[in-house]
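Below is one structure, written out as structure tokens; the observations come after it.
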Amino acid sequence: VATKHNPLRNRVVVAGVGYGPVAKRSPFGELELTLIAARDALSNAGLTSDDVDGIVSYPDRSGGNTFAGPAVTDVQRGIGLDHLRFWQGSAAHGCAQLAAPVSAAYAIHAGAADVVLCYRTVKAQRRADAAARRSLSPSWLESQYYAPYGIAASAPRWALMAQRFLHDTGQDAEALAAVVLNNRGHALLNPRAIWYDQPLTKEDYFDAVMVSDPLRITDCDMFVDASVAVILARADRAADLAHPPAYIEAIAHAPGPVLDDHQIPGLHNVSRWIAPELWAKTDLTVDDIDVSQVYDGFSFQALQWLEDFGFAPRGEAGARVAAGEFTFGGRVPICTDGGQLGVGRYHGMEKLAEGARQLWGGAGDAQVDGAEVSFVGAGGGVRGAAMILTTG
Amino acid sequence: VSDGLSVTTMPASWTGPVPVPEPESEPFWQSLRDHALAFQRCDSCSQWIHPPLPSCPRCGGSDLSWRQASGRGAVFSHTIVRRDFGAGVAVPYAAGYVQTEEGPRVAAYFVECGVDDVEIGMPVQAAYADYPEHDLSLLVFRPEPS
């Protein structure tokens with residue numbers, strides 16, 4: 001049941017964001033990529049490592065997860081965080097791609113820390129995923145019911161959700177194509193994007209190889225080696241920071257009644273349950289959002305986020321993307337950095353970084369003029385979280 | 001994009017993932033070996049339960065019975081997998097979820113029809129692919145004869 005209780009409002013700001021260089025195969029190890037991003041974020045915030053008293057990552061290596069980044073212990077030592085009061089490395093379950101900043105915001109609000117470094121680093125994902133597929137056998141616990149049926153690995157599992165979503169909303173491949181073309185177009189404005197210099201036409205989209213119907217390879221974000229760091233701070237420290245405040249207005253992450261991707265009622269995306277929770281926590285409405293970083297790890301997920309949060313009526317997201325409502329000059333530009341479909345598979349926390357940059361006026365060629373309210377959402381299946389940021 | 005001719009064919013021997021049952025799930029896998037799909041049902045509140053649990057999540061009752069299901073259901077979602085992700089079944093293959101008549105949703109391969117012929121809502125009937133070398137039978141569904 002959605003609750004209006006939101007003591008967090010305007011208590012925490014995004015202080016700075018930073019990036020490591022993106023590449024299909026980076027010359028940097030995952031720790032160095034992370035330290036580059038972390039130092040970039042500190043510089044961006046106008047802070048030094050001595051100011052940081054918290055560190056969080058999702059997921060970190062200690063969970064043994066194949067898609068984890070470096071352990072917080074290594075990053076702490078690497079960047080010299082000698083005054084920690086709060087630290088946390090989490091496993092892959094929970095608030096998902098925004099889990100680190102969610103935990104950081106809660107820790108700051110509760111008085112556990114004042115300035116928290118969050119990072120997400122993805123590296124060598126192809127090798128890790130190949131290893132994970134081999135280790136599918138033997139399957140155990142809940143995976144025993146799905147792993148033997150050829151749908152447990154990435155694209156097929158999401159394809160089943162995509163198929164059901166398109167069926168239920170009366171949309172088709174044209175809707176998927178619209179999102180891919182929209183976000184790939186935005187990537188042409190972002191030198192950091194893996195598809196920066198590679199325009200995609202509608203013909204290219206439909207010519208792309210089908211991986212698992214209805215998902216073509218172009219519907220799936222490109223694996224990259226990348227790192228993003230986001231620093232959150234107490235709002236009453238905002239005067240010491242380099243940027244005008246980007247306040248966290250509200251956070252929500254209600255997962256729905258089932259925590260097993262294969263058994264979700266209706267195979268709906270988690271955004272279905274996060275939306276009422278988020279809107280209950282704010283007096284703002286969808287019409288107040290100036291810029292929206294919806295999740296687009298797979299193209300159809302962006303449509304789900306748009307419809308579940310009311311950016312588009314049910315069944316119309318694809319047509320409205322195609323009509324230009326969600327690009328620059330349209331009603332609400334989405335995925336302004338190119339999204340994961342355009343930048344590459346940062347895996348979600350870059351959504352928060354881009355949402356904050358837009359409020360600072362620091363989004364370069366992708367800046368949405370006068371943006372005062374940012375929507376940020378990340379996650380698919382049962383795992384996800386959403387935030388609203390404002391300039392106050 | 002597809003040739004319209006492919007049919008999902010279960011391999012003669014199994015090289016894909018092999019389940020390791022828990023005490024509460026062993027009867028499910030045994031029911032497949034017996035070619036008689038079964039689910040747990042709560043004796044107290046009649047709730048069907050799948051995947052299996054040690055007790056009823058609705059009423060907390062610990063008296064659960066294994067009841068044979070009809071084996072009938074409808075396709076809830078489906079995909080044609082065209083890239084080899086290590087499933088142990090030759091691509092392209094059709095797989096997805098079936099909403100059974102009793103309510104539980106199960107994963108399965110779709111056989112005895114073109115991979116292109118599977119549609120959401122299509123009535124299907126359970127069948128079984130046996131791999132005695134692994135003491136394993138897998139659930140497959142074929143179109144229900146009309």
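Every chain is numbered from 1 and lettered A, B, ... according to where its sequence line falls, protein lines coming before strand lines.
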How close do B:Thr79 and A:Asp213 get, counting heavy atoms only, and between which atoms? OG1-O, 2.6 Å
What heavy-atom pair brings B:Ile120 and A:Gln163 nearest, and what distance separates the two atoms? CD1-O, 3.9 Å
Could you tell me which portion of A:Ile217 (side chain, backbone, both or neither) has an atom closer than 4.5 angstrom to a non-hydrogen atom of chain B? side chain
Within the side chain of [X], is there an N or O that forms a donor-acceptor pair under 3.5 Å with the backbone of [Y]?
{"X": "B:Arg105", "Y": "A:Ile264", "value": "yes"}
{"X": "B:Tyr93", "Y": "A:Gly150", "value": "yes"}
{"X": "A:Tyr149", "Y": "B:Leu139", "value": "yes"}

To the nearest 0.5 Å, what is the distance between CD (A:Gln144) and CD (B:Glu22)? 7.0 Å
Need one label for B:Pro52: side chain, backbone, both or neither, based on atoms under 4.5 Å from any heavy atom in chain A. both
Contacting moiety of B:Phe28, where chain A heavy atoms sit under 4.5 Å: side chain
Contact winner vs chain A - B:Val89, B:Val106, B:Val91, B:Leu138, heavy-atom pairs under 4.5 Å: B:Leu138
Not counting sequence neighbours, which residues clear salt bridge (Lys or Arg N to Asp or Glu O under 4.0 Å) with B:Arg33? List them please. B:Glu26, B:Asp135
For residues 94-102 of chain B, give me every residue with a non-hydrogen atom less than 4.5 Å from any non-hydrogen atom of chain A. B:Ala95, B:Gly96, B:Tyr97
